[in-house]
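Throughout, a chain's letter reflects where its sequence line sits, starting with A, and its residues are numbered from 1.
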Number of protein chains: 2
Amino acid sequence: MTNRNILVSIIEDDDTIRSGYSFLIGNTEGYEVVSSYSSYDAAAHKIASDKPDVILLDIEMPGTNGVDAIPRLKKLLPHAHVLILTVYESEKLIFEALANGASGYLTKNTPSAKIIASIKEVKEGGGPMSINIAKMVIRSFQKNKESPLSKRETQILEEISVGKSRSQIANELFIDLETVRSHIKNIYLKLNVNSRADAIKTARENRLI
Amino acid sequence: MTNRNILVSIIEDDDTIRSGYSFLIGNTEGYEVVSSYSSYDAAAHKIASDKPDVILLDIEMPGTNGVDAIPRLKKLLPHAHVLILTVYESEKLIFEALANGASGYLTKNTPSAKIIASIKEVKEGGGPMSINIAKMVIRSFQKNKESPLSKRETQILEEISVGKSRSQIANELFIDLETVRSHIKNIYLKLNVNSRADAIKTARENRLI
DNA sequence: TAAAAATTCACCCCATTGGGGTGATACCAT
DNA sequence: ATGGTATCACCCCAATGGGGTGAATTTTTA
């Protein structure tokens, strides 16, 4: 069997950048640019017939933005991989993009060779990320070391964050219901909130849990 | 100013692998192996004075395992970066390691050049990951496409997962309290559970939310 | 276009929960 | 020995959560 080219579509509103990518990828052995569009809206009705393996997608675009475009592209082309290529490094955008089905996330300062390699990687089921993105993702797993909460309080807040009730927590930690209550009260005091939802929100924002 | 060498400590129980890394890194310009140990327990009392910039850490080890070793190492050497180098690819271990403060996660099939580059990357605040690890991490952000839950049900379960009460959900979605209730009942039916905690657990396990 | 699924709402029941207040004891670690 | 932590107690009461049953309407899909 012969390895066929990796078919790439590009959706990027900046003409210069789009031509640049197109030139770069089109002139690389084993890669083929099947189409390029200046927005998702321009691509929507045509990209399905292009049958790309990988879609390079910008986030900042007129009309439908990149993040919202991902699930639509996945619906049009269930087997295509979406590789985000953008200048944005906001944690929110990155996670939204990944949650929406992006297979990788590169920033625009990524060297050409890495872009080419990432397209192949993504086609083969990998998940390429720029180092700064990987850093943010890793950091998102790490807890804040300067938590105002004690160990026990953190533990209880974690139970709360998975939907446990007071009595469930009391049972699992082998302590009295009242003790759980007083811990929760102290948690609320420290976080300056007065509901489970707010406590969870504040804790997540500050990586306390 | 002159760039000083990157100081590396290695904690790895396999003698052969340890010497291999030691040789590889020690013979690379700009890198210096300041110490190597066959376990965390062996390193515990001495590594602080080695003052490494980066610690290469194995997960599978006699005595204190790698995951538990991370926070202790971070306590001994708050400014050192821990780079996991292991054969394990279990999602649980990866996330535990990252949550415990690991700065990067490489699998042992990583080519030498990539290991060397990753040590530098980690020292400069990056977050290197093997492609297969990045893939798992990315997948962990992505929802299951074959959810038994409807869009609305998923939305409501997400609200529940952040600790919202029925009435809070009703207010935010502009629907009646009773409607929220009936959605929740349907969610419980579909997931075969009968509590918020179980629903959240099942949903998280199946990436429904 | 007809059937199936999703979304919406209603009213029954009732034990449990959640949040607020106040206070107390014991154990640590600095 | 003083402040933070962890434990428990009892006051109050509205709201919540979970279970049952049924039904109208809209949307999606076959």
Enquirer: Of B/Lys164, B/Arg166, B/Arg152, B/Arg196, which meets salt bridge (charged side-chain N to carboxylate O under 4.0 Å, His left out) against B/Glu159?
Expert: B/Lys164

Enquirer: Does B/Tyr188 make a side-chain N or O approach to OP1 or OP2 of D/dG18 shorter than 4.0 Å?
Expert: yes

Enquirer: Can you find a side chain N or O atom of B/Ser182 that sits less than 4.0 Å from OP1 or OP2 on C/dT8?
Expert: no

Enquirer: Does OP1 or OP2 of D/dT16 have a side-chain N or O of B/Ser167 closer than 4.0 Å?
Expert: yes

Enquirer: Measure CZ/A/Arg196 against C1'/C/dG20 and give the value in whole Å, please.
Expert: 15 Å

Enquirer: Does the A/Asn5 side chain pair with the main chain of A/Leu7, one donor and one acceptor, at a distance under 3.5 Å?
Expert: no

Enquirer: Does A/Ser150 put a side-chain nitrogen or oxygen below 4.0 Å from OP1 or OP2 of D/dA6?
Expert: yes

Enquirer: So, is A/Asn186 close to the D/dT5 phosphate, meaning a side-chain N or O under 4.0 Å from OP1 or OP2?
Expert: no

Enquirer: Can you tell me how far C1' of C/dG20 sits from CD of A/Glu178, to the nearest Å?
Expert: 12 Å

Enquirer: Could you check how far CG of B/Asn194 sits from C1' of C/dA15, rounded to whole Å?
Expert: 15 Å

Enquirer: May I ask you to evaluate whether B/His183 reaches the phosphate of C/dA6, defined as a side-chain N or O under 4.0 Å from OP1 or OP2?
Expert: no

Enquirer: What about A/Arg181, does its side chain sit under 3.5 Å from the base of C/dG20 through a donor-acceptor pair?
Expert: yes

Enquirer: Looking only at side-chain N and O atoms, does A/Lys151 come under 4.0 Å of OP1 or OP2 in C/dC28?
Expert: no

Enquirer: Given atom CG of B/Leu177 and atom C1' of C/dC11, what is their separation to the nearest angstrom?
Expert: 13 Å

Enquirer: In this structure, how many angstroms lie between the P atom of D/dC8 and the CZ atom of A/Arg152, rounded?
Expert: 9 Å

Enquirer: How close or far is atom P of C/dT17 from atom CD of A/Glu159, stated in whole angstroms?
Expert: 15 Å

Enquirer: For A/Asp53 and A/Tyr31: C-alpha separation, side-chain torsions, deciding distance, then whether side-chain hydrogen bond (donor to acceptor under 3.5 Å, both in side chains) applies.
Expert: CA-CA 10 Å; A/Asp53 300 304; A/Tyr31 295 79; over 6 Å; no

Enquirer: For B/Ser19 and B/Asp15, indicate whether the former's side chain and the latter's backbone hold a donor-acceptor pair under 3.5 Å.
Expert: yes

Enquirer: Knowing that exactly one of B/Arg204, B/Lys151, B/Lys143 qualifies, which makes a salt bridge (charged side-chain N to carboxylate O under 4.0 Å, His left out) with B/Glu158?
Expert: B/Lys143

Enquirer: I'd like to know if A/Lys185 reaches the base of C/dG19 with its side chain such that a donor and an acceptor end up less than 3.5 angstrom apart.
Expert: no

Enquirer: Could you check how far CG of A/Asp176 sits from P of D/dT5, rounded to whole Å?
Expert: 20 Å

Enquirer: Take the protein atom CD1 of B/Ile175 and the nucleotide atom P of C/dA6, then report the distance between them rounded to whole Å.
Expert: 15 Å

Enquirer: Any side-chain N or O of B/Thr179 less than 4.0 Å from the OP1 or OP2 oxygen of C/dC9?
Expert: yes

Enquirer: Has B/Arg166 got a side-chain N or O lying under 4.0 Å from the OP1 or OP2 atom of D/dA15?
Expert: no

